[in-house]
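Notes for the one structure printed next.
We count ligands from 1, going down the list as the structure has it; atoms in each ligand are counted the same way. What's counted below: heavy atoms across the whole structure, side chains too, no hydrogens, waters or symmetry copies. Please read these numbers as outputs of a predicted model, since none were measured by experiment.
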Amino acid sequence: MIKTLEWTDDGVRFIDQRKLPTEETYVTATTYEEVAEAIRNMTVRGAPAIGVTAAMGIALGMRDADGDHVSELRRRLDEICEEMSETRPTAVNLFWAIKRMRDKFDQLSDLPVAQIRQGLVQEAQRMYVEDIAANEAMGRHGATLLPSSGGVLTHCNAGALATCGYGTALGVIRAAYESGKKFQVFADETRPFLQGSRLTAWELMKDGIPTTVISDNMSGAMMKQGKIGAVVVGADRIAANGDVANKIGTYSVAVLAKEHGIPFYVAAPFSTIDLDTPDGSKIPIEQRSTREVTHFAGKQITPDGVKIENPAFDVTPARYVTAIITERGVLKAPYEEAIRRLADVAPVGR
Ligand code: MRU
């Protein structure tokens, strides 16, 4: 399995996603500040991977923090969590992971500080294992929904590289393919960071899953020609009513899918569902550097001074979503009720 991120005694080790697919290089973040920077600069990306990375960053920062008293450690925890929470605002898994680490600290706070430090490292490692288990469960639940032949479209990268392993949308694709289905995957290029053409294509090719890269503006034509039997994507945040924030361009794909009568599936762990956000209009959308749009492989491709927009995500209203595949089961509309029903089910892998 691709090692997107891993805890080591020296720090958190990442495959550098900025360099793929032409260079497979690894970097180790040895301080929590370096971990936060790796999230910001997209060395590591994808909502579940961001969450577990943040947890490992907190564990690393706490392991190496000065302080012999719980009160000193708590002050440090506040600072570290503050820095982590400012890295990428849309992926709710980030805030979920921070909360889980804070809760763990509270549970351990009567113990000697050495045990608190160790307990936080163990909690982050547990989250890593649970993430892979959740993805495999999503795969089992979602595999039957995909067609046996034809094409399956995905947007961005919701694969092993966006998680601790196996992937959400690509986990469903992997599981369906492993079960003997013979579709091919269409990977949207996903401008401007090219997660589809660089990352999704790279990891599916490694697994021998037939993959065709298309530029973002080709998906409508492919649907019209009958080449796409289903769409499956990941999510950065799902509001309580089922509205889905995901990589910019997802909304257009969802609208096109509806127009062509093609099912549009979202695969995401329960930690991506944000019960505190009532609908998609309340989801904060990260704005990224204009340079991602003005430059391509280091070369300027727009005129000097032109205005640029670069929202990293968009929101697909729940009415376009055929089903949400989670590790706890498959949710169908009305999502508000379906989400609340599964919210109390025991988490997978714990
Ligand atoms: O900006 P990115 O690359 O972090 O965006 C990633 C996505 O939009 C993914 O689809 C989403 O995080 C789900 S990953 C399992």
Side-chain angles (χ1 to χ4, degrees), residues 2 4-5 14-18 20 38-54 87-97 130-132 134-139 142 153-174 187-204 216 231-238 244-254 264-274 280 283-289 292-293 310-316 321 324-327:
I2 296 162
T4 302
L5 63 133
F14 303 103
I15 187 167
D16 189 340
Q17 301 197 29
R18 299 165 305 172
L20 289 171
I39 298 173
R40 261 191 303 269
N41 70 22
M42 312 266 272
T43 301
V44 62
R45 29 70 47 204
I50 290 170
V52 176
T53 296
T87 51
R88 299 209 54 201
T90 305
V92 77
N93 308 60
L94 172 67
F95 304 96
W96 168 87
E130 285 172 17
D131 183 62
I132 297 173
N135 294 336
E136 289 171 346
M138 254 174 261
L153 178 73
T154 189
H155 187 70
C156 193
N157 171 268
L161 289 168
T163 61
C164 298
Y166 204 65
T168 59
L170 296 196
V172 171
I173 284 174
R174 282 195 167 93
D188 268 355
E189 183 180 37
T190 318
R191 276 281 291 153
F193 197 70
L194 306 179
Q195 289 94 330
S197 55
R198 294 190 306 109
L199 308 178
T200 293
W202 181 78
E203 67 167 270
L204 291 181
D216 295 334
V231 178
V232 58
V233 298
D236 271 72
R237 192 184 295 225
I238 300 174
V244 174
N246 191 47
K247 181 52 54 191
I248 190 76
T250 303
Y251 170 59
S252 320
V253 172
F264 179 89
Y265 300 115
V266 174
F270 232 78
S271 52
T272 302
I273 300 176
D274 180 7
I283 298 177
I285 300 294
E286 176 186 2
Q287 304 292 320
R288 290 192 63 84
S289 159
E292 288 181 352
V293 177
N310 188 16
F313 302 97
D314 58 27
V315 174
T316 298
V321 179
I324 300 174
I325 303 158
T326 76
E327 72 276 33

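Ion pairing between Arg191 and Asp216 fails under the 4.0 Å rule for side-chain N and carboxylate O.
With values rounded to the nearest 0.5 angstrom, Thr43 atom OG1 is found 12.0 Å from Leu5 atom CG. The structure places CD of Glu203 at 5.0 Å from CG of Leu170, a figure rounded to the nearest 0.5 Å. To the nearest 0.5 angstrom, Leu194 atom CG is 12.5 Å from Leu20 atom CG.
Heavy-atom proximity to Arg88, at under 4.0 Å, picks out these atoms of ligand 1: 1 (O), 2 (P), 4 (O). Each of the atoms 14 (S), 15 (C) of ligand 1 lies under 4.0 Å from some heavy atom of Pro48. Proximity to Cys156 (heavy-atom distance under 4.0 Å) selects the following atoms of ligand 1: 5 (O), 6 (C), 7 (C), 8 (O). Ligand 1 places these atoms under 4.0 Å from at least one heavy atom of Gln195: 1 (O), 2 (P), 3 (O).
Closest to atom 12 (O) of ligand 1, if we only count protein heavy atoms, is Asp236 OD1, 2.7 Å. Ranking the protein heavy atoms by distance from atom 14 (S) of ligand 1 puts Ala162 CB, 3.4 Å first.
Polar contact check, Asn246 against ligand 1: a nitrogen or oxygen pair lies under 3.5 Å apart. At least one N/O-N/O distance between Ala47 and ligand 1 falls below 3.5 Å. For ligand 1, the polar-atom distance check finds no N/O of Ile50 at less than 3.5 Å from any of the ligand's N/O atoms.
Using a 4.0 Å cut-off between heavy atoms, Lys247 contacts ligand 1 through both its backbone and its side chain. Proximity of Ala158 to ligand 1, defined as any heavy-atom pair under 4.0 Å, is shared by backbone and side chain alike. For Ala235, every heavy-atom contact with ligand 1 shorter than 4.0 Å involves the backbone, none the side chain. Only the side chain of Met42 comes within contact range of ligand 1, with a heavy atom under 4.0 Å; no backbone atom does. With a 4.0 Å cut-off on non-hydrogen atoms, Phe313 touches ligand 1 through its side chain and not its backbone.
Of all heavy-atom pairs between Asp131 and Gly165, the closest is OD2-N, 4.3 Å.
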